[in-house]
Amino acid sequence: MPGENGKLRSEDWFGRNDKLGFLHRSWMRAEGFPGSVFSGKPVIGICNSWSELTNCNAHLRQVAEAVKRGVWSAGGFPLEFPTISLGEPFMRPSSMMFRNLMAMDVEESIRANPLDGVVLLCGCDKTTPAQLMGAASADLPSIFVTGGPMLKGRWKDRQLGSGTDLWHYWDELRAGRITHEEMCEIECGMSRSAGHCMVMGTASTMTSIAEALGMTLTGCANIPAADSRRYEIAHRSGERIVEMVREDLRPSKILTREAIENAVRVDMAIGGSTNAIIHLKALAGRLGVDLPLERFDEISRETAVVANIQPSGEHLMEDMFYAGGIPVVMNDLLDQLNGECITVTGRTISENVRGSECHDRDVLRSRHRALQPEGGTVILRGNLCPRGAVLKTSAASRDLLQHTGRAVVFEDHEDLMRRIDLADLEVDGESVLVLKNGGPVGAPGMPEYGNLPIPAKLLKRGVRDMLRISDARMSGTGYGTVVLHVSPESAVGGPLALARTGDLVRLDTAGRRLDLLVDDGELRRRKQAWDPRPAHYDRGFGKLFLESVMQADEGCDFRFLRSTGTAEPFLPLAF
Ligand code: FES
């Protein structure tokens, strides 16, 4: 049994024979619950990121009902509660700006309430890392139920991948290869069901990572949202959390350094979104785990990309589920994983996945037929990114991985949008597009501006990729030779702030270098003449964000939310 003397945490609210006990039981009876729910049943919070403004999570109320059935049937008492939700397509300036706010909401909602365990429902990009961070900091027994990917998109005889095919067909429209009417048909055929984006974007990556970390039941992440098995696994997760409370199986026992390294390896094997690096760095910071950026690169070099899923490959998440999903990926990787890590099932990773059978080796490749022999992500250093930058090589053009070109610099996103398609923009296919002020402080909120559009006049000449560099992020559905997360960012005086149109930039992927070929004396002169821009906010959450956010190489968490190594106090109730 959990807690001191085997006592449930919730008994401190509902099991008392004093005025407070009366208050807590009486007010809960207002919802129609009978006295039997207060007889020592584990109270299970269902932390729901449902919102009609988060289309990817709009089915999570039904998922919550399935979780509740499981909790009741296992002898628990389920109570669903909302937190803020983060809808990727809508939130401005960026959903990323609010990830830490949601993580705080999740953490404090768990800690402040009479809960013994939590089932967390997530899906859209930032909702999964926000819940992971919040649950890790609150450290009550927790299990994740992800919402699952949408069904495959379809247009004419072609499949459509969320985001990835938006970028693709938008360029086709700008190049005059498809009509506006056809673009409308594509719009109608892309998002056909409930669920999150169904390519290996950030949502599919982070939900897969939740499973790789051991925070979901085995096989949860890739079940399509519309599949009845999504509701079955939600039911079973509800049953399991009641047992986890009895076993006192908390995130701190699951989210170890070894588990995080497993997640990094799976991320590399599936060609996951670059955003995962930021979120895993933030999660590691919450747990007091030192996770240098170079560890991502080391693991990447040792790990083949095996998931043939867009944007790195051809297929979609529905195909990945039919092929066997994350259990197959992890089974194939077992010799490279920390197989002894414990998971929410109460068993180890090895016990969960060993023997998982692959049903489609074109979708989930064996290592000797891998999409790429090395992982999909490299970490760059150099005078343009002394604290690091990220390049997703699995979605990049081979011929641009070693490249030197003349910079065409945009001061911010507005400048980019104003000039990128001008006929007199001095740019050619060898140029390097550089965007400043796209970082956590500069944009603000580090939006997904990173895959800068190819200038229309070059698209018409058949150019489909160029080297692009910024301190912004990129949608996990995006592709191209795109260097991201340049740290420190330009808005805080990082070297990117000093780049000018006409400078030569060299990308040496093999040597893991990104350099501005300008001599040190000239860079010093430019730095002396550099002035920061005015802050975007002088009040509210925006001000807190600007004052507290760390750089991309540290995961963009707030400084004050990182682990201090000391246990959170459990404060007495007062009335
Ligand atoms: Fe929610 Fe893509 S918009 S996952």
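Since the structure is predicted, the reported quantities are computational estimates derived from the model, not experimental observations. Along the sequence shown, residues carry numbers from 1. One-based numbering, in listed order, for ligands and for the atoms of each. Basis for what follows: all heavy atoms, side chains included, without hydrogens, waters or symmetry-related copies.
T54 and S85 are linked by a side-chain donor-acceptor pair at a separation below 3.5 angstrom, with hydrogens and angles left out of the test. Residues D465 and S397 have side chains that bring a donor and an acceptor to within less than 3.5 angstrom of each other. Between the side chains of T205 and S273, no donor N or O sits under 3.5 Å from an acceptor N or O.
Protein N/O/S atoms found under 2.8 Å from atom 2 (Fe) of ligand 1, listed by chain and residue number: C197 SG.
Note on residues 79-101: pairs passing ring pair (Phe, Tyr, Trp, His ring centres under 6.0 Å), not counting sequence neighbours, are F98-F541. Sorted by first then second residue, the ring pair (Phe, Tyr, Trp, His ring centres under 6.0 Å) pairs that include residues 128-161, not counting sequence neighbours, are W155-Y169.
Under the ring-ring contact (aromatic ring centres under 6.0 Å, His included) criterion, F321 pairs with no residue at all, not counting sequence neighbours.
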